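Throughout, a chain's letter reflects where its sequence line sits, starting with A, and its residues are numbered from 1. Note that the structure is a prediction, hence the values are computed from the model and not measured.
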There are 2 protein chains.
Amino acid sequence: MDNMTLHILGCGSATPSLRHLPACQVIEYRGRLMMIDCGEGAQLSLRRYGLNMNRLTDIFISHLHGDHCLGLVGLLSTLSLQQTGGTLTVHTFPEGARMFRQMVSFFAPYLSYNLLFNEISPKGCEIILDDNALTVKTFPLRHRIPCVGFRFDEKPKERHLRGDVANFYGIPPYMRRAIKQGADFTRPDGTVVPNDRLTLPADPSLSYAYCSDTLYFPSLADDVRDVTLLYHEATYADDNLAKAAERFHSTASQAARIALAANAGTLLLGHFSKSYNNEDRHLAEAAAIFPRTLLANEGLALPLASELD
Amino acid sequence: MDNMTLHILGCGSATPSLRHLPACQVIEYRGRLMMIDCGEGAQLSLRRYGLNMNRLTDIFISHLHGDHCLGLVGLLSTLSLQQTGGTLTVHTFPEGARMFRQMVSFFAPYLSYNLLFNEISPKGCEIILDDNALTVKTFPLRHRIPCVGFRFDEKPKERHLRGDVANFYGIPPYMRRAIKQGADFTRPDGTVVPNDRLTLPADPSLSYAYCSDTLYFPSLADDVRDVTLLYHEATYADDNLAKAAERFHSTASQAARIALAANAGTLLLGHFSKSYNNEDRHLAEAAAIFPRTLLANEGLALPLASELD
C-alpha cells in the first residue's frame, strides 16, 4: 500500500502558546510533501521534524486568518535561500494570492524557484489538484471569514496480479497492466480466464479531510463522507459550547458527531484553545460519541491506513 | 541604579535553525519593554521567557530582511486579541511602514490598541526617541540593503543626597531636588555648603548599542563609543572572512575590533550563521582581541551595569 502520513506541525488556535503552535500540517505521500495551512513557525517545525522543505510541492491555505498563514512568507523566503529550484504551488483565495504575492516580492524579490499561486474559490466545491494518484477538493466551512476544507482522495489503485497464476497461464508481460486494471485473460485456445481468478483486490484508496476552522453544521458530514481520516477542529470542549458557536468554532463532541455521521475511519481533533491545560476533556467527550478519536499534537506522525487501530 | 536588562529572544541569522531563532531582542527598562527586530516566532519567545507583551511600548526594526521582521504582524495581531489598549510604536523605514500597515490592515483590521509607525531614515543619524529617561539614536550600518543600528542612552541621573548630611544642615524638602541636580546649599547665616559635601556621585548612565547586520568598517566605533554593552553581529568566525565581506556580514574578531576601538564595556556576539554547530570559535577569536566578550543565546537575560564582570 502506498504510504500516506499526516504530520502535525501545529494544532493550536489563534494565540500561540507554549503547548501548541498555530495551524500547520503536512501530508507526506509518495515522496512529496503537501502542507495544509502555514502558521508562524512552520519552517522551523519542518526542520524540527526532519521534513525536507525542498520536497514541498503544494501549500493549501484554508482561510486568511494570521494563525493559518503568517508562516508562509518566511518559509517561501528560506526555501529560496536553498537554491534548489523546482516549483511550489500555493493554493489560496484570490485576495490571499494578491497579499502573499506582494509580501513575497517585498521580502524575497528574487526567488530561486518557480512559485505559483492557484487562486481557489472561497466558496469551495472545486477540484483544485488532480494528478495520476490524487485529487484534492475544497468544500465550504462556516467561519467568521470565508474558509474552506480540503479533501484528499487517492485514485483507485490497480488490482494485485497473482504471480503464481500469471506464471501458470503464461500471461505475457505486456498484458499484465490491463489485467491489473481489471481485464480478463483470453488464452491462445480462446478460453477466457476471468479477472478475479488472476488478481487480488486493489488496496483501498486512502482519503483525508481537513476541517478547520468551522462552526458545527451537520451537512458538513456529506463532504467528508467515508474518509479514512478526518481532522476536525475542536477549539473548545462542551464547557464552552456557547462560546464555540459565537466565535464560529466547534467543540470536540460536535467534531465527533460529524465523524459519526460521515462514517469516518478515524477522527483527529485539533485547533485547541490555549485556555485548556490539556485536552483530556476534548478526548473524553468526543470518544463518548465516536470511539476512534485521537488528539493531535505537535510532532505526531500518523500513517493513514484503511483500518487504523 | 535603574535596572536595564537585555533579553535575547533570537540570535541566529537568515535561516532559522534548531539552535537559534531569527533576530529579536528586548530591552526591559523601568517596567517597559522595547523590542529590537522581530523575527518569526517573536511572540512565542516573549511568552516562553515570561515577558508580558502588554508592556511593549516600542519595536525598532533595523532593516527589512525577513529574518528581522517577519514576526511583527503575528505579534501585533496577538496583542490585539488581548484587548489591553495602550499605544505601541513601530520604528521602521518608510517602505517598511507602508508594507507593515498593509499587512496589519489585512490580517488584523480591527486593532484594540493604538498602533503608531514612526518612519525613520534609512541613513541613520537621528534621535528617534527622547523622553525623561532615555534617548534612542540611529546610526548607519553597511548591509546589502539599508540598515541602521540603535543606540540607547540613559540620560544623566541625579546625584545621591546624603541623608545624614541633609539632616545635619536641616535642608528643607523643597530644596532637595535642586541639590540632587548639583546645586550648593546656602545656610540661613549665608554660608555656602558646596554640593560635593552634600551628595554622592550619580550612578553612571547606562548605554546599549545594537549593530546587526553589517559589514566590518572601522568608523562604526565612533557611533558606539563608550557604550556599556555592545551587541555586534558575528555571523561568521574568521574561517569565513571572505564570505562575511561578500555577504555584508562580520566575523567575531571584527566585532571585537569595533568593541576595542569604541572602548565598549562588554561585547555581546550574535546573529550566528547556522553553518556552525557551536560558537566556541567565535568566542575564542573575539576574546583574544577583546576579553570582555560574551555569546548571545536564546533566553539570555543580561542586566546592564557600568562594570559588567
Heavy-atom pairs under 4.5 Å with chain A, option from B:Leu81, B:Leu18, B:Leu70 with the top count: B:Leu18
Contact summary for B:Cys69 and A:Phe107, nearest pair of heavy atoms: SG-CE2, 3.5 Å
Proximity breakdown for B:Ile145 and chain A, heavy-atom pairs closer than 4.5 Å: neither
Residue among A:Leu21, A:Leu44, A:Leu64 with most heavy-atom pairs under 4.5 Å to chain B: A:Leu44
Sequence neighbours excluded - salt bridge (charged side-chain N to carboxylate O under 4.0 Å, His left out) pairs with any residue from residues 78-90 of chain B: none
Greatest number of heavy atom pairs closer than 4.5 Å to chain A - which of B:Gly41, B:Pro22, B:Gly39, B:Ala14: B:Gly41
Tell me which donor-acceptor pairs, judged by distance alone and kept under 3.5 Å, run between chain A and chain B, one pair per line.
from     : atom 1 : to       : atom 2 : distance (Å)
A:Pro16  : O      : B:Arg47  : NE     : 3.0
A:Glu40  : OE1    : B:Gln43  : NE2    : 2.9
A:Glu40  : OE2    : B:Gly41  : N      : 2.6
A:Gly41  : N      : B:Glu40  : OE2    : 2.6
A:Gln43  : NE2    : B:Glu40  : OE1    : 2.9
A:Arg47  : NE     : B:Pro16  : O      : 3.0
A:Gln102 : OE1    : B:Gln102 : NE2    : 3.1
A:Gln102 : NE2    : B:Gln102 : OE1    : 3.0

